[in-house]
Amino acid sequence: MNIEKFLTEKATQAVTALYGAVDPALVQIQKTRKEFVGDYTLVTFPLLKTSRLSPDATAEAIGVWLAANVTEVSGYNVIKGFLNISLADSFWAARFSDISADYGRLPATGRTVMVEYSSPNTNKPLHLGHIRNNLLGYSVAEILKANGHRVIKANLVNDRGIHICKSMLAWQLYSGGETPESSGLKGDHLVGKYYVEFDKHYKAEIKELMAAGQSEDDAKRNAPVMLAAQDMLRKWEAHDPEVYGLWQKMNGWVYDGFEQTYKALGVDFDKTYYESNTYLLGKALVGEGLEKGVFKKRDDGSVWIDLTPDGLDEKLLLRGDGTSVYMTQDLGTATQRFAEEKLDDMIYVVGNEQNYHFQVLKLILSKLGYAWADNITHLSYGMVELPEGKMKSREGTVVDADDLVADMVETAREMSASTGKLDDCTPDQADQISRMVGMGALKYFILKVDPRKTMLFDPKESIDFNGNTGPFIQYTHARIRSILRKAAEGGIEYLNAPAPASYLPEEVALVKQLVDFPAVVAQAGEQFSPAVIGAYVYELAKTFNGYYHDHSILKEPDQAVRAMRLQLASKVARVIRSGMQLLGIEVPERM
RNA sequence: GGUCUCGUAGCUCAGUUGGAUAGAGCAUCAGAUUUCUAAUCUGACGGUCGUGGGUUCGAGCCCCGCCGAGAUCACCA
């Protein structure tokens with residue numbers, strides 16, 4: 001049940017009974033702040049025109065009416081125009097028993113939503129920026145599932161183009177036939193190594209040509225390796241067997257590498273698209289746009305759309321030689337997906353550097369008359385910056401995804417070893433827990449920040465394991481599970497126990513927080529924000545830790561109270577687990 | 001230059017459609033363990049919410065100017 005909605009209705013009835021008809025939008029119910037007594041608060045200021053009384057008098061009158069007419073309301077107080085309403089313990093006890101195993105799974109909506117994320121280039125390994133993308137995409141997909149949508153997780157692999165040819169060429173020229181097997185390097189790292197190698201030789205050649213008297217622009221154009229790479233791209237497009245074979249071989253290495261990284265990150269996809277298959281899509285749309293008069297052809301044969309009336313620029317859609325550009329492809333794939341997958345919504349998890357691209361994409365689609373253009377969302381996330389600014393591959397400041405993951409797991413292992421808590425674990429169990437905790441720290445660190453905002457990562461200060469962190473939440477879960485294990489060992493039955501005579505304020509507070517979970521899931525879904533879930537789960541864990549500190553569960557002598565506390569703890573653990581699952585974070589049974 | 005985003009404690013971040021005395025964590029300092037896991041808990045310190053106006057009963061949030069940071073405006077993807 002939605003308590004705020006319930007109280008809004010009741011308060012509207014109260015105002016209507018006391019003062020006559022009122023616009024329900026003016027009846028504002030919100031949670032009571034911690035420093036005041038009460039559960040929910042009615043703000044009376046918007047109602048003063050209706051009541052024609054002072055704020056306090058209005059609040060008092062409504063309070064009297066609610067206390068007399070609504071059985072769930074156990075009391076009220078008035079402070080400076082705010083009416084704080086308290087609900088009865090019996091009401092909260094009923095809400096408590098509502099909390100089921102699948103709490104936080106919202107009813108099915110019948111909508112199909114595609115979430116595209118990750119979308120890597122196959123010329124270099126994944127880095128910290130990709131980690132944010134992958135974690136966000138996966139989590140948002142899980143959150144949308146919990147909101148009752150059918151979700152398709154999609155990955156569009158950028159596996160063709162000049163940048164791929166650069167790695168291929170450099171490998172051909174300088175590797176001596178090195179393979180992942182012969183070098184022991186992960187496939188994506190090996191290919192990335194030759195992408196860097198290309199750049200080194202390219203730069204050297206530019207320098208030489210400039211020393212021989214060419215201008216910088218000419219040198220960049222005429223450098224032999226660049227010409228060779230471009231030649232290779234033409235051969236690839238012509239399906240030259242040798243080039244095509246090399247391309248398949250090297251991309252295969254990269255996919256093996258990516259697969260390992262995805263597995264370590266715990267992300268997956270329902271569909272993988274390859275740009276080599278889709279880059280010709282969209283050309284049909286060009287004809288359609290020309291027919292509708294939305295696009296215009298120039299004398300050189302290139303096709304454009306003029307978006308200056310919308311405050312944007314002119315945008316190219318087809319080159320003079322008839323080849324398509326990024327925008328054309330994206331228009332094509334979007335159209336294809338909505339048709340083939342019968343999508344209701346499409347979410348692109350792509351960095352905010354592409355805000356303009358998606359603005360233009362949506363605008364063109366709506367100009368072409370596709371109503372579903374409005375159902376495209378660009379989930380535009382902020383960059384991850386280092387203390388010295390942006391990551392730059394040239395300056396070697398890129399934080400590699402695989403390295404970071406390994407570091408986190410290793411740190412978690414050292415932390416566990418120093419406490420001695422895993423001493424009686426098998427090596428396998430210890431590995432498992434270190435992995436969960438290390439990844440939990442990394443994932444929570446990234447996901448707790450509002451996706452839209454630029455965030456800072458300081459490698460030197462390494463990610464925390466105390467305070468507002470993943471491990472803090474995991475630890476709370478592990479402690480609860482430990483109590484429940486001990487209860488089971490002691491043969492304590494708590495599931496079907498009678499309700500206790502009364503509840504502590506801390507217990508009611510926990511129930512209130514638990515009851516919020518479905519609304520939090522809904523809010524996270526509306527805002528595409530894992531951070532909303534993170535903040536909620538952290539607060540819940542913190543509240544429980546305070547309660548745990550002050551009140552013993554297993555040593556409570558009153559059996560009904562003890563049973564209730566065990567139930568409460570078990571529900572807290574379950575909601576923590578569910579919430580963390582929406583973030584893609586596992587919670588251990590012990591740590 | 002045009003468009004867009006951001007600016008909250010020393011640092012990293014929260015702050016619901018505008019509501020009460022702006023909150024956490026880290027760091028610093030002081031405490032708590034004969035106890036169900038101290039990766040925990042309690043307390044202290046720390047703020048002209050970039051800045052100047054405006055709207056409102058009420059502004060961190062809405063509007064305008066300015067300062068500062070970033071992104072983007074490719075026949076790259």
Side-chain angles (χ1 to χ4, degrees), chain A residues 25 28 30-36 41 43-46 48 55 79-82 84 119 121 158 160-163 275 279 300 302-304 311-321 323-327 329-330 351-357 359-360 380 382-383 385 387 389-390 412 415-416 418-419 421 437 441 445 448-450 452-458 461 464-476 478-487 519 523 526-527 531-532 534-535 538-539 541-542 545-556 565-566 569 590-591:
Chain A
Q28 294 180 15
Q30 52 195 242
K31 269 178 226 147
T32 301
R33 293 191 146 214
K34 275 185 203 145
E35 56 265 39
F36 301 101
T41 295
V43 185
T44 59
F45 296 98
L48 302 184
I79 298 169
K80 285 164 50 182
F82 293 85
N84 300 320
S119 303
N121 293 345
N158 182 354
R160 61 161 285 281
I162 189 71
H163 50 296
E275 218 189 279
Y279 80 110
D300 64 355
S302 60
V303 176
W304 297 73
L312 304 174
D313 300 286
E314 288 185 287
K315 184 79 195 172
L316 176 86
L317 294 163
L318 206 63
R319 299 189 184 100
D321 64 5
T323 56
S324 56
V325 293
Y326 177 42
M327 181 59 74
Q329 297 168 35
D330 256 13
N352 61 15
E353 60 209 346
Q354 293 199 38
N355 285 353
Y356 183 75
H357 173 79
Q359 197 185 350
V360 171
S380 161
M383 300 289 103
E385 290 190 350
K390 289 190 73 175
M415 184 88 75
S416 300
S418 71
T419 60
K421 281 179 179 166
V437 174
F445 179 84
K448 76 174 173 183
V449 181
D450 182 337
R452 295 175 301 112
K453 291 197 174 169
T454 302
M455 64 174 293
L456 190 115
F457 173 76
D458 189 345
E461 287 188 8
D464 263 321
F465 288 69
N466 302 319
N468 185 1
T469 66
F472 172 93
I473 298 165
Q474 290 172 318
Y475 181 67
T476 307
R479 283 211 296 206
I480 295 174
R481 297 300 304 168
S482 170
I483 293 172
L484 296 177
R485 274 196 303 275
K486 288 204 162 71
Q523 197 199 342
E526 281 159 26
Q527 300 180 3
V532 170
Y538 170 63
E539 287 298 328
K542 207 163 58 150
N545 282 340
Y547 174 67
Y548 173 94
H549 184 267
D550 294 339
H551 306 284
S552 180
I553 293 173
L554 291 174
K555 292 195 176 124
E556 167 57 40
R565 288 182 180 178
L566 283 164
R590 51 171 296 181
M591 65 185 269

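Here the structure is a predicted model, which is why all the values come from computation and not from measurement. The chains referred to below are lettered A, B, ... by the order of the sequence lines, with proteins before strands, and numbering in each begins at 1.
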Asks: Under the side-chain contact (heavy atoms from CB on, under 4.5 Å) rule, collect the residues that match up with Phe465(A), sequence neighbours excluded.
Replies: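 Partners of Phe465(A) by the side-chain contact (heavy atoms from CB on, under 4.5 Å) criterion, ordered by chain and then number, come out as Met408(A), Thr411(A), Ala412(A), Met415(A), Val437(A), Ala441(A), Pro471(A).
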
Asks: When you check every protein heavy atom under 4.0 Å of nucleotides 70-77 of chain B, what one-letter string (B, S, -) results, 5' to 3'?
Replies: -SSS-BSB

Asks: Atom CZ of Phe45(A) and atom P of A20(B): how far apart are they, to the nearest Å?
Replies: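 After rounding, the reported distance stands at 10 Å.
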
Asks: Using atom C1' of each nucleotide, how far apart are C45(B) and G10(B) to the nearest Å?
Replies: 12 Å

Asks: The criterion is salt bridge (Lys or Arg N to Asp or Glu O under 4.0 Å); which residues satisfy it with Asp464(A), sequence neighbours excluded?
Replies: none

Asks: What residues, two or more places apart in sequence or in another chain, satisfy ring pair (Phe, Tyr, Trp, His ring centres under 6.0 Å) together with Tyr475(A)?
Replies: none

Asks: Regarding Thr323(A), tell me which of base, sugar-phosphate or nothing describes its non-hydrogen contacts under 4.0 Å with the strands shown.
Replies: nothing

Asks: Tell me, what's RNA chain B's dot-bracket, Watson-Crick or G-U with both distances under 3.5 Å, | for other-strand, [ ] crossing?
Replies: (((((((..((((.....[...)))).(((((.......))))).....(((((..]....))))))))))))....

Asks: Which part of the nucleic acid, if any, lies within reach of Pro387(A) when heavy atoms closer than 4.0 Å are counted: base, sugar-phosphate only, or nothing?
Replies: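 Result for Pro387(A) = nothing.
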
Asks: Taking salt bridge (Lys or Arg N to Asp or Glu O under 4.0 Å) as the definition, give me every residue that meets it alongside Glu275(A), ordered by chain and number, with sequence neighbours left out.
Replies: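 For Glu275(A), the residues satisfying salt bridge (Lys or Arg N to Asp or Glu O under 4.0 Å) (neighbours in sequence not counted) are Arg160(A).
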
Asks: Considering residues at least two apart in sequence or located in another chain, which fulfil the ring pair (Phe, Tyr, Trp, His ring centres under 6.0 Å) criterion with Phe82(A)?
Replies: Phe45(A)

Asks: Considering residues at least two apart in sequence or located in another chain, which fulfil the ring pair (Phe, Tyr, Trp, His ring centres under 6.0 Å) criterion with His357(A)?
Replies: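 Ring pair (Phe, Tyr, Trp, His ring centres under 6.0 Å) list for His357(A), sorted by chain: Tyr326(A).
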
Asks: Where along nucleotides 22-37 of chain B does protein come under 4.0 Å, by heavy atom, of base (B) or sugar-phosphate alone (S), with - for untouched nucleotides?
Replies: --SSS--------SBB

Asks: Which residues satisfy the salt bridge (Lys or Arg N to Asp or Glu O under 4.0 Å) test with Arg319(A), sequence neighbours excluded?
Replies: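 Expected list: none.
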
Asks: Starting at NZ of Lys34(A) and ending at P of U21(B), how long is that distance when rounded to a whole Å?
Replies: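 Whole-Å distance recorded here is 17 Å.
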
Asks: Determine the Euclidean distance between corresponding C1' atoms of C73(B) and C11(B); express it in Å to zero decimal places.
Replies: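 Taking atom C1' in both C11(B) and C73(B), they lie 35 Å apart.
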
Asks: Counting the atoms with a prime plus P, OP1 and OP2 as sugar-phosphate, which does Val532(A) contact under 4.0 Å by heavy atoms, base, sugar-phosphate, or nothing?
Replies: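 If one applies the 4.0 Å heavy-atom cut-off, Val532(A) turns out to touch nothing in the nucleic acid.
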
Asks: At 4.0 Å (heavy atoms only), tell me whether Asn84(A) reaches a base, stays on the sugar-phosphate, or touches nothing.
Replies: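 Answer is base: heavy atoms of Asn84(A) come under 4.0 Å of a base.
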
Asks: Gln28(A) has an atom CD; how far is it from atom P of C57(B), in whole Å?
Replies: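 Those two atoms, CD and P, are 15 Å apart.
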
Asks: Would you please name every residue forming a salt bridge (Lys or Arg N to Asp or Glu O under 4.0 Å) with Lys31(A), sequence neighbours left out?
Replies: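 Scan of Lys31(A) (salt bridge (Lys or Arg N to Asp or Glu O under 4.0 Å), adjacent residues dropped) gives Asp516(A).
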
Asks: Just to verify, what does Leu312(A) make a side-chain contact (heavy atoms from CB on, under 4.5 Å) with, not counting sequence neighbours?
Replies: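 Listed in chain order: Leu307(A), Tyr356(A), Gln359(A), Val360(A), Leu363(A).
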
Asks: When you measure from the side chain of Arg481(A) to the backbone N and O of Arg590(A), does any donor-acceptor pair fall under 3.5 Å?
Replies: no

Asks: Would you please determine if the base of G19(B) is stacked by Phe82(A), with stacking meaning a centroid separation under 5.5 angstrom and planes under 30 degrees?
Replies: no

Asks: Where do Leu554(A) and Ala487(A) come nearest, in terms of heavy atoms and distance?
Replies: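 The pair with the smallest heavy-atom distance is CD2-CB, 4.0 Å.
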
Asks: Quick check on RNA chain B: between Phe457(A) and Gln523(A), whose nearest nucleotide comes earlier from the 5' end?
Replies: Phe457(A)

Asks: Both Thr476(A) and Val43(A) contact RNA chain B. Taking the nearest nucleotide for each, which residue is further toward the 5' end?
Replies: Val43(A)

Asks: Report which part of the nucleic acid Phe472(A) touches: base, sugar-phosphate, or nothing (heavy-atom distance under 4.0 Å, all strands).
Replies: sugar-phosphate

